[in-house]
Amino acid sequence: MTLTDLIKYNMTIDLRSDTVTKPTKGMLDAMMSAEVGDDVFNEDPTVLKLEQKLAAMFGHDAGLFCPSGTMTNQIAINVHTKPGDEVICDVNSHIYNYEGGGISKNSGVQAKLLQGDRGRISAAQIKDNINASYDWLTNTSLVELENTVNKAGGSYYEMNELKEISSFCRTSKIKLHLDGARLFNALVETKEDAKQHGTLFDSISICLSKGLGTPSGSVLLGNTEFIKQARRVRKVFGGGMRQVGFLAAAGIYALDHNVNRLSEDHKRAKQIGDTLKNLNWVKAIMPVDTNIVIFDLKEGITAEGFIAKMTEKQIKVSAFGKQTIRMVTHLDFTDEMLSRLIEILKKL
């Protein structure tokens, strides 16, 4: 579709999230031809194939397919902790900000929030915040990292940082979980090995419905005993699914076809960022590392007003604060749409 077609047909450009994508024809074909079974009985062959594929990719024993990344994160917290424990995470972390208070509601655990570098906490910070083993202090049993960091504009960890954190946690006998909702975005950008990355963690949540473009689903990875416990918690949380191989097939297709193309999303996001830097109604913009663009509007311009103005132009974006906007590029956002967006931004 050309730029002229976009204008002619008044097509909406949706940059609210990378979760808004629709399955491609190839993905739909894979879904419709999937062999299925009852996953609660652990008998769906396509689900098993997806779980095994991701586990092998990241160097773990097993995987567990779940409806969402929120569920995989919450299951991991539940298995790794006991009521009254404490989980260390960054103040920007998804598990703290966007999972409905699940840390406390689901597992009876409290969060100790650290102020990292754009969502990335260090081994030194973690070390300084581990509670001593006094009766009156909360037991620190889990450290949680997010990669990339959504609320911090898609920032990502370097391998040396992760190795240092992993080494400290293992020496301290503290579990380490990774919210890898957009982990493939980080791996594509750093060109790091998935297996080397994966074995640093006791558990990893991999989301398939963001940059990879599936309709739904996330996979939790860990060792055999961890996943055995996680299956039980998934059932308790209401996450047991039946003939869900149709969705798992979308995940397999995405892993085979939609990983390397994430670099295209990053390139377009950086072009948006470069445009915003030169506009006089933009106060500040976070560094654009992957596919997320977050910027602040100048005084007198509200996020609500900006969204209304963009809606008039058939462009959807998200408010990330009273004067903060987020845009996320994805596989349904084309070069033609990028040109149209830049043209509109320059004319505002």
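Worth knowing before you read on, the calculation uses all heavy atoms, side chains too, and leaves out hydrogens, waters and symmetry mates. Residue numbers start at 1 and run along the sequence shown. Predicted model only: the values in this text are computed from it and were never measured.
Between M71 and S218 the shortest side-chain heavy-atom distance does not fall below 4.5 Å. Counting only heavy atoms from C-beta outward, the side chains of I88 and I121 approach each other to under 4.5 Å. Contact annotation: the side chain of N291 never approaches that of H330 to less than 4.5 Å [non-hydrogen atoms, C-beta and beyond]. Looking at heavy atoms from C-beta onward, E164 lies out of side-chain contact with E161 at the 4.5 angstrom threshold. Side chains of L162 and L145 form a contact here, defined as non-hydrogen atoms less than 4.5 Å apart. Using a 4.5 Å heavy-atom cutoff, the side chains of E299 and K283 are in contact. In this structure, the side chains of Y157 and L200 stay at 4.5 Å or more apart for every pair of heavy atoms. Inter-residue side-chain proximity for L262 and D265 is flagged as met; some heavy-atom pair is nearer than 4.5 Å.
Of the N and O atoms on the side chains of T290 and N185, not one donor lies less than 3.5 Å from an acceptor on the other residue. Neither side chain, N78 nor N106, offers a donor N or O lying under 3.5 Å from an acceptor on the other. There is no side-chain donor-acceptor pair under 3.5 Å between T46 and E35.
M31 and P215 get closest at one heavy-atom pair: CE-CG, 3.9 Å. Nearest heavy atom pair, residue R261 against residue N258, reads CG-O, 3.4 Å. Heavy atoms only, all atoms of each residue included: V288 and I292 are closest at CG1-O, 3.8 Å.
Under a 4.0 Å N-O distance rule, the pair D193/K195 does not qualify as a salt bridge. Salt bridge status for K163 with E192: absent, with no side-chain N to carboxylate O gap under 4.0 Å. Salt bridge annotation for D29-K25: present, with a cationic side-chain nitrogen under 4.0 angstrom from a carboxylate oxygen. Salt bridge absent: E264 and K267 never bring a charged side-chain N and a carboxylate O closer than 4.0 Å.
In terms of hydrophobic clustering, with Ile, Leu, Val, Met, Phe, Trp and Tyr side chains grouped at heavy-atom distances under 4.5 Å, I285 and V328 are assigned to different clusters.
Applying the salt bridge (charged side-chain N to carboxylate O under 4.0 Å, His left out) test to D256 and every residue at least two apart in sequence or in another chain returns K53. Not counting sequence neighbours, the partners of D18 by the salt bridge (charged side-chain N to carboxylate O under 4.0 Å, His left out) test are R182. With sequence neighbours excluded, no residue satisfies salt bridge (charged side-chain N to carboxylate O under 4.0 Å, His left out) with K298.
Across T70, T72, N73, T148, a single residue satisfies side chain to side chain donor-acceptor pair (under 3.5 Å) together with D179, and that is N73. Each of R242, K235, R234 was checked for a salt bridge (Lys or Arg N to Asp or Glu O under 4.0 Å) with D39, and the lone residue meeting it is R234.
Between the side chain of D90 and the main chain of G116, a donor-acceptor pair closer than 3.5 Å is present. Looking only at distances, a side-chain donor or acceptor of S155 sits under 3.5 Å from a matching main-chain atom of R118.
Rounded to the nearest 0.5 angstrom, C89 SG and L142 CG are separated by 9.0 Å.
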**Message:** For a side chain to side chain contact (heavy atoms under 4.5 Å, CB included) check, start with the C-alpha distance between M241 and D44, then their side-chain angles and the critical distance, and finish with the verdict.
**Reply:** CA-CA 10 Å; M241 300 177 285; D44 189 304; over 6 Å; no
**Prompt:** How far apart are the C-alpha atoms of L183 and F58, what are their side-chain angles, what is the distance that settles it, and do they pass the side chain to side chain contact (heavy atoms under 4.5 Å, CB included) test?
**Reply:** CA-CA 11 Å; L183 179 55; F58 285 93; 3.5 Å; yes
**Prompt:** Going through the checks in order, is the side chain to side chain contact (heavy atoms under 4.5 Å, CB included) test met by L15 and L341?
**Reply:** CA-CA 10 Å; L15 294 170; L341 172 68; 3.6 Å; yes
**Message:** Between L255 and L50, is the side chain to side chain contact (heavy atoms under 4.5 Å, CB included) condition met? List the steps.
**Reply:** CA-CA 9 Å; L255 292 170; L50 172 64; 3.9 Å; yes
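Below 30°, between 30° and 60°, or above 60°: for H80 and H177 the angle between ring planes is between 30° and 60°, a tilted geometry.
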